[in-house]
Number of protein chains: 2
Amino acid sequence: MLRPKKHASDASALARFKSEFFKALAHPLRIRIIDALRDGEVGVNDLCERLDVEQSTLSQQLAQLRSRNIVTGRKEGQNVYYSIRDRAIFRLLDVAKEVFNNQLINVQDMLAQLEVASGGPR
Amino acid sequence: MLRPKKHASDASALARFKSEFFKALAHPLRIRIIDALRDGEVGVNDLCERLDVEQSTLSQQLAQLRSRNIVTGRKEGQNVYYSIRDRAIFRLLDVAKEVFNNQLINVQDMLAQLEVASGGPR
DNA sequence: TGCTTATATTGCAATATTCATATATAAAGA
DNA sequence: TCTTTATATATGAATATTGCAATATAAGCA
């Protein structure tokens, strides 16, 4: 063993944190929220209509993105405007898109693949 | 509405697929597996020892990475050697690290933050 | 103060994920 | 063939995540 287990906690801790971060991106609605914030801050009300989801559902997902420091909310009067904290996030999404493109499949195939991967339609 | 709902399925489908992809990275062990494959293919047996996990647990997580086209396994005799399909994955991890660095916190703080974000230690 | 609008949070049932044990499969050797 | 070794898969219990409905909070207005 190069490193005794007692000293491996750092690498493992980093892995835990990284995975927490990716978890923030591991939900369709959260991806759509981030995409909706590409061009700057958007109000919750606006988001709710654009994404066509329940208000409480949106608020919950926003809370997750907040707790992972991905978005930040600015309160103005009764409204709250959300924006992305670090635009490097978009690069992350773009690199991800690149990985998809490398796989040379289109969205239709992606969906079919999705269903295979998850053992059939839910 | 700019786009009627019936035509929004593509963006939503892409979001679903992206989130599936990030789900693959949303687990500490899977991150560690990917990291372990940075320098080329590694046998399952070797991985199992390096990562210090149950054989079946490792095999299950490898199956997830396989089903999402992130790794591929090459069988040689009784052994199976895994490798990363597309090295763009590593760029993804590197950009993620950059996001962490932008937050200007160290691993210790990350862990503390983890516990707050998840509502306390598990 | 009471009313309305915007957002957040709580409670809870449904669903999904994880991990270990046990079992299956497949290759190699005796 | 029987045995061993390597890997994969099935089963099931524990845990985590999700999304809706209901409720709370907070700001602005009558």
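Chain identifiers are assigned alphabetically (A, B, ...) following the order of the sequence lines, protein sequences preceding nucleic acid strands; residue numbering begins at 1 within each chain. When reading the values below, keep in mind they use all heavy atoms of this one structure, side chains included, and skip hydrogens, waters and symmetry mates.
- Nearest heavy atoms, B:Val42 versus B:Ala36: CG2-O, 3.6 Å.
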Heavy-atom protein contacts under 4.0 Å, nucleotides 23-30 of chain C, coded B base, S sugar-phosphate only, - none: ---SBS--

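- The distance from atom CZ of A:Arg74 to atom C1' of C:dT7 is 15 Å, rounded to the nearest whole Å.
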Candidate pair B:Val99 and A:Asn69, rule side chain to side chain contact (heavy atoms under 4.5 Å, CB included), full reasoning: CA-CA 10 Å; B:Val99 174; A:Asn69 278 324; over 6 Å; no

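- Of the side-chain N and O atoms in B:Arg66, none sit less than 4.0 angstrom from OP1 or OP2 of D:dT7.
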From CA spacing to verdict: salt bridge (Lys or Arg N to Asp or Glu O under 4.0 Å), B:Arg91, B:Asp94: CA-CA 5 Å; B:Arg91 256 194 297 148; B:Asp94 293 341; over 6 Å; no

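- The ring-ring contact (aromatic ring centres under 6.0 Å, His included) contacts involving residues 21-77 of chain A comprise A:Phe21-B:Phe100, where partners must be two or more places apart or lie in separate chains.
- Checking the phosphate oxygens (OP1, OP2) of C:dT7, no side-chain nitrogen or oxygen of A:Ser59 falls inside 4.0 Å.
- Rounded to a whole Å, the OH atom of B:Tyr81 is 10 Å from the P atom of D:dA6.
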Side chain to side chain contact (heavy atoms under 4.5 Å, CB included) between A:Arg32 and A:Arg50, worked out: CA-CA 10 Å; A:Arg32 292 206 292 147; A:Arg50 279 208 233 173; over 6 Å; no

Worked verdict on A:Leu25 versus B:Leu25 for side chain to side chain contact (heavy atoms under 4.5 Å, CB included): CA-CA 9 Å; A:Leu25 306 177; B:Leu25 306 177; over 6 Å; no

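- Between A:Gln64 and D:dT17, a side-chain N or O to OP1/OP2 separation shorter than 4.0 Å is absent.
- Closest to the side chain of A:Leu62, out of C:dA8, D:dA8, C:dT9, is C:dA8.
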N/O donor to acceptor pairs below 3.5 angstrom from side-chain atoms of residues 56-64 of chain A, sequence neighbours left out:
residue: A:Gln61; atom: OE1; partner: A:Arg30; partner atom: NH1; Å: 2.6
residue: A:Gln64; atom: OE1; partner: A:Arg30; partner atom: NH1; Å: 3.1

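- Between B:Ile31 and A:Ser19, the closest heavy-atom pair is CG1-CB, 4.1 Å.
- Residues from residues 42-51 of chain A with heavy atoms under 4.0 angstrom of DNA chain C, sorted by number: A:Val44, A:Asn45.
- Shown here for A:Ala24 and A:Leu65, the closest heavy-atom pair between the two residues is O-CD2, 3.8 Å.
- Residues satisfying the side-chain hydrogen bond (donor to acceptor under 3.5 Å, both in side chains) criterion with A:Arg74, sequence neighbours excluded, are A:Glu41, A:Glu76.
- Distance CZ (A:Phe22) to P (C:dT17): 18 Å, rounded to an integer number of Å.
- When atom types are taken as modelled, the side chain of B:Arg85 and the backbone of B:Arg66 share no donor-acceptor pair closer than 3.5 angstrom.
- Between A:Tyr82 and C:dA6, a side-chain N or O to OP1/OP2 separation shorter than 4.0 Å is absent.
- Atom CD in A:Gln61 sits about 13 Å away from atom C1' in D:dA16, given to the nearest Å.
- Of the listed nucleotides (C:dT17, D:dA21, D:dT7), C:dT17 has the atom at the smallest distance from the side chain of B:Lys23.
- At a non-hydrogen distance threshold of 4.0 Å, A:His27, A:Arg30 from residues 25-37 of chain A come into contact with DNA chain D.
- Base contact: A:Gln60 has a heavy atom under 4.0 Å from a base atom.
- Remark: P of D:dT17 and CD of B:Glu20 are 16 Å apart, rounded to the nearest angstrom.
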Residues A:Lys18, A:Leu14; criterion side chain to side chain contact (heavy atoms under 4.5 Å, CB included); working and verdict: CA-CA 6 Å; A:Lys18 281 186 183 173; A:Leu14 189 54; 4.1 Å; yes

